[in-house]
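Have a look at the structure below before the remarks.
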Amino acid sequence: MNLEQYASVYPPRSLDPGAQVTRIGPSPTGKAHIGTALQAVINRSIAEQTGGVFLLRVEDTDQERLVVGAYEDLIAALAWMGSIPDEGGKLGGTYAPYVQSQRLEIYQAAAKSLVEQGHAYYCFCTAERLKMVREKQEALKQPTMYDRHCRNLAKDEVETRLAAGEAAVIRLKVPDQTQIRFNDLVRGEIVFDSSTIDDSVILKTDGFPTYHLAVVVDDHFMGVTTIVRGEEWIPSTPKHVLLYQAFGWEMPRVVHTPILRDMSRRKLSKRSGDTSITWYRIQGYLPEGLRNFLTRIIWVHPEGKDVYDHQDFVKLFRPEDLPNTGPVVDMQLLDFVNGQYLRQLTTAELYAAVVGYLHFLIDLKQEIAFDVFAASGTSTRFVYTQDQLVQYLKAFTKDADYTQKVLALEPERFKRLSDVILNTPYYFPALFQPASAALLSKPLGDPEKAVTALKEYLLVYAQSDDHTAWEAKVRELARTTNLKDGKVFMTIRIAATGSEQTPPLFEILQILGETEVRRRFQLAIHSIISAVN
RNA sequence: GCCCCCAUCGUCUAGAGGCCUAGGACACCUCCCUUUCACGGAGGCGACACCGGUUCGAAUCCGGUUGGGGGUACCA
């Protein structure tokens, strides 16, 4: 088929006026990136808002960089985020296939037609020659560009060499001495001088297109009307403009989103492990929380809210509202936003979320590291083995009613699902780790006093006491033993939980129940005594 | 080297010539609440990168400098 014939295979869409067709075009070369998640949310929202279509196109034109499972990882990540495309990928659709490696004939036809019309040319330069040219230019501190060696080859020569089977690429013939301009929805008009634009390869020797050709051809035939993509594409947009002009096609609206940065303002790096969507899921962020955070750093809610219904974003977001500076992925803000979502869950929902989360972690079949973020960009890492997680899940699900009582205690102390795992083991008898004698003795500053307090407490302790009676007893105990009541409370806390930081004591003792409370106090007393002797 | 984008508190930003002694949120600090932590409440710290213009008047407009980011592949 020639290019004209493809136009009838892929007829224009019949959508309402104003409906926008958007897309993401990830290349399956690794784990799904958080930046891709942002692009997906934005593109999905624009399509939704205008009654258009959001499509997914797999841009796998670099055969050497393909990674097995990358596509599946992406789909799983998008599904988790709730940013599922309307068409595309392996979902199919009217404009299928949506996988570039399956559309080679179209690109080849397109490239050929460009050559015929004088907008592109065959190039036989070898990699070695190209390398030499580049090195020479670098040494001379000149711009590194193709020297157009094959640009004016005679037609006969080209045909002869092609017929002889010589390897060739097709390059874009960039016109001389013109200005190439396009309008970026947030940046306004951007102008490039054609002399700064390379005669880039658009069709490789292996018959695959490069990004530039493929993206223009696909966006055109798939009826894409608005392109939202990363800022890193701005420098190559003029090439796309040239291609649209050469084909005589209308250029879609285009806007570039800034690149996500880390706290040191660098491009979000893989080194810290925080670039993959899965990493955020592992850390215990809720998809809604992550999504809200992502939209929050590139958009301002009209009421200045940090946390808002996603529909607000879908309804009110305008591409031209995008910032032009690269936002920093601030984990503390993420924690805050996510915490707000976690609080909105009912106890039953939180319970279900944690169970699902634990299954997800266990299915990963690897050690899990939770990074807890503190001020000044520092973080502490807690590593769990698969076995530890399995043990935790077992304890957590042993008695759902009991666990929900635990979760109901103070849900506002959790910012991420992982906080539940980190902070609740002591509620479960199977996981309880008694405190050391040193820790138990710490509040009162003396092992003997600690033992006295604990023994006295066991004497007065009655599970049936209400909060007032219980508190009165402890204070009375402190008075008669001549100990500070705050310290006594803390000693009890440590004996009962092994931790210095817990929700209110009385509620914990209620949940634990008499048998377990007595067991833990005995344990504590013995621990101190045997440490002293 | 060359090309492009950008520049308000630590971070995300509000601000589209006078409403700005620059507002909000996160973070941080202090105090209150309190048996610890968390939550909540009340305060606090904290920014228009710099230099020139334009203007009666500039965070807002223009130019330059500096700084940051991106691109410069038969990668996307």
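Lettering follows sequence order; numbering is per chain, from 1. Small disclaimer: the values here were computed from a predicted structure and weren't measured.
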Whole-Å distance separating the [atom1] atom of [X] from the [atom2] atom of [N]:
{"X": "A:H149", "N": "B:rC74", "atom1": "NE2", "atom2": "P", "result": "16 Å"}
{"X": "A:H256", "N": "B:rC5", "atom1": "NE2", "atom2": "C1'", "result": "10 Å"}
{"X": "A:R493", "N": "B:rU34", "atom1": "CZ", "atom2": "P", "result": "15 Å"}
{"X": "A:R129", "N": "B:rC74", "atom1": "CZ", "atom2": "P", "result": "12 Å"}
{"X": "A:F506", "N": "B:rC37", "atom1": "CZ", "atom2": "C1'", "result": "19 Å"}
{"X": "A:D330", "N": "B:rC9", "atom1": "CG", "atom2": "P", "result": "14 Å"}
{"X": "A:D206", "N": "B:rC74", "atom1": "CG", "atom2": "C1'", "result": "7 Å"}

Write down the distance separating the [atom1] atoms in [N] and [M], rounded off to the nearest Å.
{"N": "B:rU30", "M": "B:rC20", "atom1": "P", "value": "31 Å"}
{"N": "B:rG23", "M": "B:rC6", "atom1": "P", "value": "27 Å"}
{"N": "B:rA42", "M": "B:rC5", "atom1": "P", "value": "45 Å"}
{"N": "B:rA27", "M": "B:rU11", "atom1": "P", "value": "16 Å"}
{"N": "B:rG46", "M": "B:rU8", "atom1": "C1'", "value": "12 Å"}
{"N": "B:rC31", "M": "B:rC50", "atom1": "P", "value": "35 Å"}

Is there a side-chain polar atom (N or O) of [X] under 4.0 Å from OP1 or OP2 of [N]?
{"X": "A:N324", "N": "B:rA7", "value": "yes"}
{"X": "A:R134", "N": "B:rC2", "value": "no"}
{"X": "A:K204", "N": "B:rA76", "value": "yes"}
{"X": "A:S200", "N": "B:rC74", "value": "no"}

Fill in the blank from the handout: Here the side-chain hydrogen bond (donor to acceptor under 3.5 Å, both in side chains) pairs for residues 129-140 of chain A, sequence neighbours left out, are A:R129-A:D147
Dump every N/O contact between nucleotides 42-49 of chain B and the protein below 3.5 Å, one line per pair.
none

Need one value for [X]: base, sugar-phosphate or nothing, where a base atom within 4.0 Å counts as base even if backbone is also close, heavy atoms only.
{"X": "A:P504", "value": "base"}
{"X": "A:F192", "value": "sugar-phosphate"}
{"X": "A:T205", "value": "base"}
{"X": "A:I190", "value": "sugar-phosphate"}
{"X": "A:T237", "value": "nothing"}
{"X": "A:R187", "value": "sugar-phosphate"}

Exercise for the section: Please check if any side-chain donor atom of A:D206 sits under 3.5 Å from a side-chain acceptor atom of A:Q63, or the reverse. Expected result: no
Handout entry: Side-chain donor-acceptor contact under 3.5 Å, A:Y461 with A:Q463
Key = yes
For [X], what residues pass the side chain to side chain donor-acceptor pair (under 3.5 Å) criterion, not counting sequence neighbours?
{"X": "A:R229", "answer": "A:Y211, A:T237, A:H240, A:H256"}
{"X": "A:K173", "answer": "none"}
{"X": "A:D198", "answer": "none"}
{"X": "A:S200", "answer": "A:K239"}

Could you check which residues of [range] get a heavy atom under 4.0 Å from RNA chain B? Sort them by number, please.
{"range": "residues 333-341 of chain A", "value": "A:L333, A:F336"}
{"range": "residues 169-186 of chain A", "value": "A:V169, A:R171"}
{"range": "residues 465-477 of chain A", "value": "A:H467, A:W470, A:E471, A:R475"}

Handout entry: A:F313 ring center near A:Y308 ring center (under 6.0 Å)
Key = no
Problem - Set of residues satisfying salt bridge (Lys or Arg N to Asp or Glu O under 4.0 Å) with respect to A:K473, sequence neighbours excluded - result: A:D465
Problem - Presence of donor-acceptor pair under 3.5 Å, side chain of A:T502 and base of B:rC37 - result: no
Completion exercise
Applying the 3.5 Å cut-off to both distances, the Watson-Crick or G-U partner of B:rU34 turns out to be none
Check [Y] with [X], please: is the shortest side-chain N to carboxylate O separation under 4.0 Å?
{"X": "A:R148", "Y": "A:D176", "value": "yes"}
{"X": "A:R318", "Y": "A:D321", "value": "no"}
{"X": "A:R65", "Y": "A:D60", "value": "no"}

Handout entry: Criterion side-chain hydrogen bond (donor to acceptor under 3.5 Å, both in side chains) on A:Y285 and A:R416, from CA distance to verdict
Key = CA-CA 5 Å; A:Y285 295 107; A:R416 319 185 301 192; 3.0 Å; yes
I'd like a table of atom pairs between the protein and nucleotides 13-17 of chain B - only N or O on both sides, under 3.5 Å - with the distance next to each one.
unit_1, atom_1, unit_2, atom_2, d
B:rU13, OP1, A:I297, O, 3.1

Exercise for the section: At under 4.0 Å between heavy atoms, which parts of nucleotides 60-71 of chain B does protein reach? Answer with one letter per nucleotide, 5' to 3': B base, S sugar-phosphate only, - none. Expected result: ---------SBS
Practice task
Using the ring of A:Y122 (Phe, Tyr or Trp, six-membered ring only), decide whether A:R171 places NZ or CZ under 6.0 Å from its centre and within 45 degrees of its axis.
Solution key: no
